[in-house]
Q: 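Input: one structure, supplied below.
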Amino acid sequence: MSARDRLIVGLDVPTIAEAEKVVQTLGDTALFYKIGYQLVFAGGLEFARDLARDGKKVFLDMKLLDIDNTVAKGVENIVKMGMSMLTLHAYPKAMAAAVAAAKGSDLCLLGVTVLTSMDAKDVIDAGYEYDPHTLVLRRAEQARIAGMGGVVCSAEEARAVRKIVGPDMAIVTPGIRPAGADLGDQKRVMTPADALKAGSSHLVVARPIVKADDPLAAASAILAEMDGVRAA
């Protein structure tokens with residue numbers, strides 16, 4: 001894959017107008033966009049369809065989790081939208097229902113392991129007996145068994161996850177920050193180059209691009225860094 005296929009620009013902005021401005025500014029430089037809760041609840045689902053119709057790839061970051069039938073019916077409709085990726089929490093029953101519903105489509109289903117905003121204390125507070133690393137690996141194994149297209153994890157766990165899921169599953173890593181960038185609310189982060197070296201297949205970058213004074217320059221710099229790793 002080219003760097004453009006691997007860089008996912010997170011449209012973490014409050015309005016469709018701002019999202020359209022980012023897409024227009026980046027032009028052909030960016031191919032892949034993530035749309036999450038913030039934009040979804042501002043009309044982002046229709047915008048996602050528009051992006052797909054315009055030839056862009058769309059990662060719909062919904063982190064689905066519900067009873068099997070509800071997950072399956074949601075996935076069936078998301079397939080019809082022409083999305084490229086969809087997240088759900090990596091619970092075995094939910095993943096199995098989603099895989100069955102998406103069978104025969106090009107939708108890549110991603111199991112969210114442990115959010116990159118969570119550290120060991122957060123995981124314990126949430127009631128889990130595992131540390132974040134152990135919980136990520138357990139859920140990655142469950143995603144592989146369920147037949148998922150990939151997982152979402154911190155780049156810190158990408159190398160260990162790659163050993164579990166093999167060479168073909170996607171490893172999508174948020175919490176990517178170029179050297180010197182503000183970490184924001186992320187706790188487990190890595191630079192683009194280091195994330196690729198660790199085994200990530202796709203990098204999600206939001207604030208370092210969409211909040212930059214020059215989003216096009218920021219995206220171009222990240223792509224250049226990714227290309228350098230790919231050519232190494």
Side-chain angles (χ1 to χ4, degrees), residues 1-15 18-40 44 47-48 51-52 56-63 83-87 108 110 112-118 150-159 161-162 170-232:
M1 292 184 292
S2 70
R4 288 174 69 242
D5 290 303
R6 303 175 78 165
L7 174 63
I8 303 174
V9 178
L11 291 175
D12 296 343
V13 294
T15 68
E18 290 179 66
E20 289 174 337
K21 183 178 179 180
V22 171
V23 174
Q24 183 177 17
T25 297
L26 296 182
D28 293 334
T29 298
L31 174 66
F32 217 143
Y33 289 96
K34 177 184 78 73
I35 293 178
Y37 290 154
Q38 183 180 26
L39 199 59
V40 161
F47 184 64
L51 284 178
K56 300 293 186 182
K57 295 182 179 181
V58 180
F59 167 16
L60 196 59
D61 188 17
M62 295 303 295
K63 300 182 181 70
M83 301 294 96
S84 295
M85 287 180 168
L86 169 70
T87 52
C108 179
L110 302 171
V112 176
T113 55
V114 177
L115 300 176
T116 53
S117 62
M118 298 179 73
V151 297
V152 179
C153 67
S154 162
E156 289 184 0
E157 291 102 24
R159 194 179 307 278
V161 168
R162 180 59 71 196
I171 297 180
V172 179
T173 52
I176 301 298
R177 293 290 185 270
D182 179 22
L183 300 185
D185 58 357
Q186 301 291 343
K187 295 179 179 178
R188 295 172 7 258
V189 303
M190 194 171 285
T191 66
D194 287 342
L196 292 181
K197 291 174 184 176
S200 301
S201 63
H202 298 77
L203 310 182
V204 180
V205 185
R207 280 168 282 188
I209 292 177
V210 301
K211 300 298 184 183
D213 292 336
D214 187 342
L216 179 59
S220 298
I222 290 171
L223 287 168
E225 180 177 344
M226 293 170 67
D227 270 324
V229 175
R230 193 167 53 84

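Note that the structure is a prediction, hence the values are computed from the model and not measured. For the numbers below, each heavy atom of this structure counts, side chains included, while hydrogens, waters and symmetry mates do not.
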Q: With the side chain counted from C-beta on, respond yes when V151 and V172 share a heavy-atom pair under 4.5 Å apart, and no when they do not.
A: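 Not touching, per the 4.5 Å side-chain cut-off.
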Q: After noting the C-alpha distance and the side-chain angles of I176 and V204, does the key distance pass the side-chain contact (heavy atoms from CB on, under 4.5 Å) rule?
A: CA-CA 7 Å; I176 301 298; V204 180; 5.8 Å; no
Q: Considering only distance and modelled atom types, tabulate donor-acceptor pairs under 3.5 Å from the side chains of residues 192-202, sequence neighbours left out.
A:
| from | atom 1 | to | atom 2 | distance (Å) |
| --- | --- | --- | --- | --- |
| D194 | OD2 | T191 | OG1 | 3.2 |
| S200 | OG | T173 | OG1 | 3.1 |
| S200 | OG | A195 | O | 3.2 |
| S201 | OG | I171 | N | 2.8 |
| S201 | OG | I171 | O | 3.1 |

Q: Is M190 close to S154 at the side-chain level, that is, under 4.5 Å between some pair of heavy atoms?
A: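 Sidechains of M190 and S154: no contact.
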Q: To the nearest 0.5 Å, what is the distance between CZ on R177 and CG on L203?
A: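 That separation rounds to 12.0 Å.
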Q: Kindly compute the distance separating CZ (F32) from CG (D5), expressed to the nearest 0.5 Å.
A: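 If I round to the nearest 0.5 Å, the distance is 8.5 Å.
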Q: Assess the residue pair I35 and D61 against the criterion (side-chain contact (heavy atoms from CB on, under 4.5 Å)); give the C-alpha distance rounded to whole Å, side-chain angles, the decisive distance to 0.1 Å, and a yes or no.
A: CA-CA 6 Å; I35 293 178; D61 188 17; over 6 Å; no
Q: If you round to the nearest 0.5 Å, how far is CG of L39 from OG1 of T15?
A: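 Going from the OG1 atom of T15 to the CG atom of L39 covers 7.5 Å.
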Q: Start with the C-alpha gap between M226 and L7, add the side-chain angles, then the distance that decides, and say whether side-chain contact (heavy atoms from CB on, under 4.5 Å) holds.
A: CA-CA 9 Å; M226 293 170 67; L7 174 63; 4.0 Å; yes
Q: Donor-acceptor pair, Y37 side chain versus M62 backbone, under 3.5 Å?
A: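 Yes, Y37 side chain to M62 backbone: donor-acceptor pair under 3.5 Å.
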Q: Decide, yes or no, whether a salt bridge links D28 with R4 under the criterion of side-chain N to carboxylate O below 4.0 Å.
A: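 No, D28 and R4 are not salt-bridged.
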Q: Do I209 and I222 touch side chain to side chain, with heavy atoms closer than 4.5 Å?
A: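 The answer is yes, as the side chains (C-beta and beyond) meet within the 4.5 Å cut-off.
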Q: Within this structure, what is the CZ-CG distance for the pair R6 and L31, rounded to the nearest 0.5 Å?
A: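 If I round to the nearest 0.5 Å, the distance is 13.5 Å.
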Q: What's the separation between atom CG in L51 and atom CD in E20, rounded to the nearest 0.5 Å?
A: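 It is 9.0 Å, given to the nearest 0.5 Å.
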Q: Please check: side-chain N/O of K56 versus main-chain N/O of A30, any donor-acceptor pairing under 3.5 Å?
A: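 Such a contact is found between K56 side chain and A30 backbone.
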Q: For V112, is there any backbone N or O sitting under 3.5 Å from a side-chain donor or acceptor partner on T87?
A: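 Not at all, since once roles are kept as given, no pair shorter than 3.5 Å links the two residues.
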Q: Hey, is D12 close enough to K211 for a salt bridge, meaning N to O under 4.0 Å?
A: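 Result for this pair is no, no salt bridge flagged.
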Q: Between P215 and A212, which heavy-atom pair has the shortest distance, and what is it?
A: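 So the two residues come closest at CD-O, 3.6 Å.
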Q: In the structure I gave you, are the side-chain heavy atoms of C153 and V114 within less than 4.5 Å of one another anywhere?
A: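 Counting from C-beta outward, C153 and V114 never come under 4.5 Å.
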Q: Under the side chain to side chain donor-acceptor pair (under 3.5 Å) rule, collect the residues that match up with T29, sequence neighbours excluded.
A: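 T29: no side chain to side chain donor-acceptor pair (under 3.5 Å) contacts found.
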Q: Between L60 and M85, does the side-chain contact (heavy atoms from CB on, under 4.5 Å) criterion hold? Intermediate values first, please.
A: CA-CA 6 Å; L60 196 59; M85 287 180 168; over 6 Å; no
Q: If you measure from OG on S84 to CZ on F59, what distance do you get to the nearest 0.5 Å?
A: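 Between atom OG of S84 and atom CZ of F59 there are 11.0 Å.
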Q: Using side-chain heavy atoms (C-beta onward) and a distance below 4.5 Å, is L115 in contact with K63?
A: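 A side-chain contact exists here, since the closest heavy-atom pair is under 4.5 Å.
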Q: Just wondering, do L86 and L110 contact through their side chains at under 4.5 Å, heavy atoms?
A: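 L110 does not reach L86 side chain to side chain.
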